[in-house]
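Have a look at the structure below, then the notes.
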Amino acid sequence: MGAAIARRQGGGKKLVLADFNPGALSALAASLTDEGFDVHAHVVDVSSRPSVDKLVAYTAGLGRVVNVAHTAGLSPVQASAEAVLAVDLVGVGNVLDAFGEVIEEGGAGVVISSMAGAMAGDLMPSEMAKALRSTPTAELLDLPFWGRPPFDDAGHAYSIAKRANHLQVQAASLTWGARGARVNSISPGVTATPMGQAELLSERGRGMRAMVDASGTGRVGTPSDIAEAAAFLLSPSSSFITGTDLLVDGGVVAAFRSGTIDR
Ligand SMILES: NC(=O)c1ccc[n+]([C@@H]2O[C@H](COP(=O)([O-])OP(=O)(O)OC[C@H]3O[C@@H](n4cnc5c(N)ncnc54)[C@H](O)[C@@H]3O)[C@@H](O)[C@H]2O)c1
């Protein structure tokens with residue numbers, strides 16, 4: 001998704017690409033450079049605030065920061081609950097906090113959450129939502145519910161982290177808004193990226209295919225479906241939209257909420 005958004009947004013700008021995986025990062029940087037983009041690659045671990053601070057300093061050193069797209073993530077088939085929380089929960093907080101200090105007036109950001117977060121939000125107690133919305137990023141992993149069943153399971157941790165992203169974006173809309181900038185999230189459904197393919201091939205894959213088959217579109221998403229939604233949220237066409245989540249899931253959550261798909 002990061003590559004698709006970079007291609008959709010990066011023309012005519014200085015394009016900073018950042019990722020944890022140096023090999024994947026340099027391969028994408030080389031390919032986008034060949035395509036004519038002005039690419040600047042930087043290795044980052046979003047779960048580390050000092051690492052994100054270095055990325056922000058590097059980016060701000062190149063010019064005004066007008067758009068930020070946060071697409072880094074780990075899925076439950078790739079990692080433990082602990083690692084999922086470090087990247088998908090704390091990583092989002094670090095990026096929102098650190099880029100919120102340099103985002104340009106009129107700028108915009110987008111965070112990639114998940115339809116899993118929308119489904120978790122339907123069931124989440126309000127006290128838990130309040131804690132996730134208001135706890136400072138550095139203290140998020142101290143909240144009392146982590147590490148105990150069911151949140152010691154990577155799938156549960158992923159869903160809660162992705163719901164937390166909606167709440168983190170709500171809170172960040174105020175700090176970003178104080179600088180004249182906006183920030184929103186996108187919740188993709190099953191999307192044909194390396195992560196999406198791994199999910200479909202996992203033991204949860206059959207259930208995921210059944211959900212897709214029963215949805216309004218009946219298909220998986222493409223990275224460009226997500227890039228088009230991000231283009232809208234990063235453009236002046238969405239100047240009255242901030243602190244909200246856009247579901248780009250082919251209709252899976254609607255089918256859940258209408259009872260067509262059984263939980
Ligand atoms: N593909 C899907 O079906 C799907 C569905 C819903 C939500 N999402 C979410 O979309 C986002 C993008 O996923 P994708 O499908 O493009 O996956 P992907 O695996 O292709 O890309 C994720 C990238 O994040 C990077 N990353 C992992 N840990 C990192 C860290 N600590 N610091 C910096 N970078 C790190 C990886 O190296 C990888 O390049 C993720 O947040 C994912 O949870 C994906």
Side-chain angles (χ1 to χ4, degrees), residues 1-8 16-29 31-32 41-56 68-80 82-96 98-99 110-120 154-155 157-166 168-169 185-202 204-205 207-209 211-212 215 219-227 229-230 245-250 252-253:
M1 288 182 205
I5 293 172
R7 283 196 169 84
R8 181 71 176 76
V16 176
L17 297 180
D19 200 280
F20 184 71
N21 179 335
L25 178 63
S26 55
L28 180 62
S31 140
L32 289 173
H42 190 92
V43 173
V44 70
D45 176 1
V46 295
S47 68
S48 154
R49 179 65 195 251
S51 178
V52 175
D53 283 341
K54 281 187 194 150
L55 171 65
V56 168
V68 180
H70 177 91
T71 62
L74 283 180
S75 90
V77 299
Q78 296 173 309
S80 65
E82 204 176 23
V84 163
L85 291 174
V87 174
D88 295 346
L89 177 70
V90 176
V92 168
N94 286 336
V95 167
L96 288 171
F99 277 97
V110 68
V111 167
I112 305 300
S113 173
S114 170
M115 70 173 176
M119 294 190 221
Y158 180 83
S159 297
I160 300 300
K162 292 297 185 178
R163 172 56 184 159
N165 296 163
H166 306 161
Q168 290 168 299
V169 160
S185 59
I186 290 172
S187 286
V190 183
T191 308
T193 66
M195 183 188 290
Q197 306 286 13
E199 291 273 342
L200 285 168
L201 291 172
S202 75
R204 299 171 354 140
M208 292 174 77
R209 280 193 190 283
M211 288 189 322
V212 168
S215 69
R219 70 168 175 92
V220 299
T222 64
S224 66
D225 287 321
I226 306 307
D245 182 68
L246 180 58
L247 257 177
V248 184
D249 70 337
V252 168
V253 171

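Read the numbers this way: they start at 1 and go in the same order the structure lists the ligands and their atoms. Please read all numbers here as calculations on a predicted model, not as lab measurements.
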query = Does any N or O atom in Gly73 lie less than 3.5 angstrom from one in ligand 1, N or O only?
reply = yes

inquiry  = Below 4.0 Å from ligand 1: does a non-hydrogen atom of Gly91 turn up there or not?
reply    = no

query = For atom 16 (O) of ligand 1, what's the nearest protein heavy atom and its distance?
reply = Met1 N, 3.0 Å

message = Under a 4.0 angstrom heavy-atom cut-off, which atoms of ligand 1 come close to Val190?
response = 3 (O)

query = Quick one: does Pro194 get within less than 4.0 Å of ligand 1, heavy atoms only?
reply = yes

task = Begin from the C-alpha positions of Ser185 and Asp245 and carry the test side-chain hydrogen bond (donor to acceptor under 3.5 Å, both in side chains) through to its verdict.
result = CA-CA 5 Å; Ser185 59; Asp245 182 68; 2.5 Å; yes

query = When you check the side-chain N and O atoms of Arg7 and Ser31, is any donor under 3.5 Å from an acceptor?
reply = yes

Subset of ligand 1 atoms that lie under 4.0 Å from at least one heavy atom of Gly196 = 1 (N), 2 (C), 3 (O)

ask   = Mind checking whether Ser47 has an N or O less than 3.5 Å away from an N or O of ligand 1?
value = no

ask   = Heavy atom under 4.0 Å from ligand 1: found in Met115's side chain, backbone, both, or neither?
value = neither

task = Drop me the distance from Glu199's CD to Ser75's OG, to the nearest 0.5 angstrom.
result = 4.0 Å

query = Judging by distance only, is a nitrogen or oxygen of Thr193 under 3.5 angstrom from one on ligand 1?
reply = yes

task = State whether a side-chain donor-acceptor pair under 3.5 Å links Asp225 with Thr222.
result = yes

ask   = Mind checking whether Ala18 has a heavy atom under 4.0 Å from ligand 1?
value = no

message = Determine whether a donor-acceptor pair (N or O, by modelled atom type, separation under 3.5 Å) exists between the side chain of Asp88 and the backbone of Ala161.
response = no

Gap separating the NZ atom of Lys54 from the OG atom of Ser51, nearest 0.5 angstrom = 7.0 Å

note = closest protein heavy atom to atom 11 (C) of ligand 1 is Thr71 O, 3.3 Å

request  = Considering the heavy atoms of Val44, write down every atom of ligand 1 situated less than 4.0 Å from one of them.
outcome  = 32 (N), 33 (C)

key: Enumerated ligand 1 atoms positioned under 4.0 Å from heavy atoms of Ala72   = 24 (O), 33 (C), 34 (N), 35 (C), 41 (O)

ask   = Looking just at side-chain N and O atoms, do Thr191 and Thr193 make a donor-acceptor pair shorter than 3.5 Å?
value = no

query = Does ligand 1 have a heavy atom under 4.0 Å from the side chain of Ser113, from its backbone, from both, or from neither?
reply = backbone

ask   = Is at least one protein non-hydrogen atom found at under 4.0 angstrom from atom 21 (O) of ligand 1?
value = no

message = Heavy-atom pairs closer than 4.0 Å: do any link ligand 1 to the side chain of Val87, the backbone, both, or neither?
response = side chain

request  = Would you mind running through ligand 1 and noting each atom that sits below 4.0 Å from a heavy atom of Ser114?
outcome  = 6 (C), 7 (C)

query = Could an N or O of ligand 1 be found under 3.5 Å from any N or O of Tyr158, whether backbone or side chain?
reply = yes

